[in-house]
Amino acid sequence: MKHPNPHLEPENPAEAAYKHDRALLRALYTCQAVLVNGKQHFLHSMHPQVHGGGIDTTIYLVGDPTPRKPADITFPEQPE
């Protein structure tokens with residue numbers, strides 16, 4: 001039985017990954033700073049591809065040729 005309030009249901013890993021990829025795409029388009037290992041960077045490019053039964057995304061940072069996974073990237077806290 002599904003929970004009556006969908007906002008209280010736990011998020012599955014695929015949905016969480018999709019939301020994170022969508023936030024990364026927004027950061028790429030708006031030149032929003034991101035954090036990698038606690039340091040501020042900007043995204044250079046984002047390459048999604050079908051891999052097995054899901055989507056595998058590779059991200060590159062400005063000035064860094066190292067491919068990154070979305071899980072390596074976080075967002076700085078936004079002041080309220």
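Numbers here are sequence positions counted from 1.
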#### Entry: Test side chain to side chain contact (heavy atoms under 4.5 Å, CB included) applied to Val62 and Leu43, step by step
CA-CA 6 Å; Val62 172; Leu43 301 179; over 6 Å; no
### Query
Honestly curious: do Ile55 and Ile73 fall in one hydrophobic cluster under the side-chain, below-4.5 Å linking rule?
no
### Message
Please report the interatomic distance NE2(His51) to OG1(Thr57), rounded to the nearest 0.5 Å.
### Response
11.5 Å
### Task
Could you list all the side chain to side chain donor-acceptor pair (under 3.5 Å) pairs where at least one residue sits in residues 24-45, not counting sequence neighbours?
Ser45-His47
### Task
Could you pull out the closest heavy-atom pair between Arg68 and Asp64, with the gap in Å?
NH2-OD2, 2.7 Å
### Query
Any link between Tyr60 and Phe42 through a network of hydrophobic side chains (Ile, Leu, Val, Met, Phe, Trp, Tyr) touching at under 4.5 Å?
no
### Task
Answer with yes or no whether the hydrophobic clustering places Leu24 together with Tyr18; edges join I, L, V, M, F, W, Y residues whose side-chain heavy atoms lie under 4.5 Å apart.
no
### Message
Using side chain to side chain contact (heavy atoms under 4.5 Å, CB included), reason through Lys69 and Ile59 one step at a time and then give a plain yes or no.
### Response
CA-CA 6 Å; Lys69 295 292 177 197; Ile59 297 178; over 6 Å; no
#### Entry: Nearest non-hydrogen partners of Pro76 and Ala33, listed with the distance
CD-O, 3.4 Å
### Task
Say whether Met46 and Leu61 are linked into one hydrophobic cluster, either directly or through other cluster members, by side-chain heavy-atom distances under 4.5 angstrom.
yes
### Query
Are Val36 and Phe75 grouped together when hydrophobic residues (ILVMFWY) are joined by side-chain heavy atoms under 4.5 angstrom apart?
yes
